[in-house]
S.K.: 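I am attaching a structure below and will ask some questions about it afterwards.
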Amino acid sequence: MEIQEFIEKFAEAIEVENVEALTAETKFRELEEWSSLSVMLIIAFFDEEFDKQVSDTMIRQAVIIQDLYNIVSA
Amino acid sequence: MAFLEVKHVAIKGVAAAVPMRKEYNKDFSKLSEEQLEQYIKTVGVHERRCAIHDGSLCTSDLCYEAAEKLLSELCWNREEIGLLVFVSHTQDYKLPSTACILQNRLGLPKETMAFDVPLGCSGFVYGLGITGSLVSHGLIKKALLLVGNTQSFYASPEDKSTALLFGDAGSAIALEYDEKQHESIKLHYQTDGAGYENLIVPDGGCRHPFNEHSADIEDFDEGIRRSRLHEKMDGGAVFTFAFFNVPKSLKALMKEYAIEAEKVDYLLLHQANQFMLDGIRKKLNFPQEKAPNNIDRFGNTSGTSIPLLMVTELRNPLKKLKLSHLCCGFGVGLSLGSAYFTTNHIVVPELIEVIQ
């Protein structure tokens with residue numbers, strides 16, 4: 001999957017309204033829509049979309065959207 | 001490998017009791033309206049039953065009410081009961097075991113085996129395996145399994161992750177030895193102590209004894225404030241544990257005992273949070289109609305959540321039909337238990353609401 005498609009699906013998973021403003025360098029924790037609940041949404045998203053079992057620890061280490069993309073592309 | 005098979009034990013009845021008093025999540029003032037709406041939508045809790053924690057209504061009282069009602073409707077002779085197991089993290093005292101106090105309160109014979117099992121969310125399944133195993137020997141013919149928690153006791157009112165989630169409840173399950181009971185109870189257990197800090201009350205035990213700073217309120221991210229006497233929950237870590245291990249455990253149980261999912265009537269999941277429940281149910285391919293929920297009205301009631309589900313959502317089918325159930329309780333420990341059991345026209349009193 002290309003990074004742009006990933007960004008769109010990521011936005012859908014955590015219900016981000018302004019998708020166009022997102023780039024690979026976006027620090028996702030600074031998004032208005034990001035809350036402590038978002039970690040759950042991301043884990044479920046990675047599992048459903050990429051069949052990838054990712055832990056909350058791995059997500060905690062990610063800073064920008066590119067980092068999340070790298071986790072699922074590994 | 002921790003599989004168990006309990007033979008010749010029948011579940012004869014289930015009862016549950018909750019405080020009459022409700023707390024409404026929409027009244028929580030520490031989040032913006034938008035954040036609160038998001039929280040309620042994702043976690044799924046609108047209201048919870050909470051005791052006022054002044055010692056006048058404890059878990060033992062809720063379990064007592066449930067047990068009294070159940071014994072009355074079952075018409076059980078108390079002299080025939082030989083075992084009482086109380087599963088809870090909110091015991092009356094640090095010691096003695098609350099089970100001993102309840103043996104006396106319930107008027108059970110002095111020749112009764114009674115003890116506490118300090119577990120939370122996995123408590124019903126652990127209690128079922130422990131109590132069932134003891135009864136299956138055929139010498140103790142009747143047992144009471146009491147599972148409850150007034151865990152809102154541990155929630156800091158300024159910590160959204162627990163204050164908006166924890167509800168209080170107590171339950172009683174009657175188990176009886178029955179040589180003619182051919183459907184065994186099948187169980188699977190898991191423990192991951194590496195995650196012990198993911199759900200913890202830090203101070204007050206022996207490792208970090210109560211001291212003059214234990215009750216100091218500390219500040220954390222996102223405006224959360226709590227002391228070391230409040231329960232701390234790492235939601236992300238608990239979600240990771242449950243989301244992957246619950247389906248794995250249930251699938252392992254079904255494989256070990258050749259249980260066909262299509263023939264199971266109900267999937268009873270510990271009511272941890274709505275988003276997690278939906279995700280786990282989908283991973284197991286169970287339709288919504290087979291997976292009842294009551295988290296919206298009762299919150300997360302720890303070990304009681306499975307018996308509470310049976311009372312609030314399945315009372316009529318349980319009384320009228322022969323049914324098979326898969327269940328899983330998971331959380332604090334980190335601890336997990338899955339079980340398959342059948343019920344056949346059991347006694348299920350109406351939900352008891354206790355006025356404080």
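Lettering of chains follows the sequences in order, A, B, ..., and the numbering in each one begins at 1.
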S.K.: If you count the non-hydrogen atoms of other residues, nucleotides and ligands that lie under 6.0 Å from CZ in B:Phe3, is the total more than 12?
M.R.: yes
S.K.: Counting only heavy atoms not in B:Gln288 (residues, nucleotides, ligands), do more than 12 fall under 6.0 Å from its CD?
M.R.: yes
S.K.: Checking B:Phe241 against chain A: side chain, backbone, both or neither under 4.5 Å from a heavy atom?
M.R.: neither
S.K.: For A:Glu15, which atoms come within 4.5 Å of any heavy atom of chain B: side chain, backbone, both, or neither?
M.R.: side chain
S.K.: Flag yes if more than 12 heavy atoms outside A:Phe46 fall under 6.0 Å of its CZ atom; otherwise flag no.
M.R.: yes
S.K.: Passes side-chain contact (heavy atoms from CB on, under 4.5 Å), A:Val39 versus B:Phe239? Steps please.
M.R.: CA-CA 9 Å; A:Val39 174; B:Phe239 182 83; over 6 Å; no
S.K.: Does any backbone or side-chain atom of B:Lys282 lie under 4.5 Å from a heavy atom of chain A? Answer side chain, backbone, both or neither.
M.R.: neither
S.K.: If you look at every heavy atom in B:Glu222 and A:Ser35, which pair is closest and at what distance?
M.R.: OE2-C, 4.3 Å
S.K.: How close do B:Asn273 and A:Met40 get, heavy atom to heavy atom, and via which atoms?
M.R.: ND2-SD, 3.1 Å
S.K.: What part of A:Leu41 gets within 4.5 angstrom of chain B, counting heavy atoms only: side chain, backbone, both, or neither?
M.R.: both
S.K.: Quick one: CD1 on A:Ile43 to CZ on B:Phe244, what's the gap to the nearest 0.5 Å?
M.R.: 6.5 Å
S.K.: Counting only non-hydrogen atoms closer than 4.5 Å, does B:Glu34 touch chain A with its backbone (N, CA, C, O), its side chain (CB onward), both, or neither?
M.R.: side chain
S.K.: For B:Glu218, is the CD atom crowded, meaning more than 12 foreign heavy atoms sit under 6.0 Å from it?
M.R.: yes
S.K.: Heavy-atom count around B:Asp219 CG within 6.0 Å, excluding the residue itself: above 12?
M.R.: yes
S.K.: Could you measure the distance from the CG atom of A:Asp47 to the OG1 atom of B:Thr240? Nearest 0.5 Å is fine.
M.R.: 11.0 Å
S.K.: Is chain A contacted by the side chain of B:Asp234, its backbone, both, or neither, given a heavy-atom distance below 4.5 Å?
M.R.: side chain
S.K.: Looking at A:Glu8, I'd like to know if its CD atom is crowded, meaning that more than 12 non-hydrogen atoms belonging to other residues, nucleotides or ligands lie closer than 6.0 Å.
M.R.: yes
S.K.: Minimum heavy-atom separation for A:Arg60 to B:Ala237, with atom names?
M.R.: NH2-N, 4.2 Å
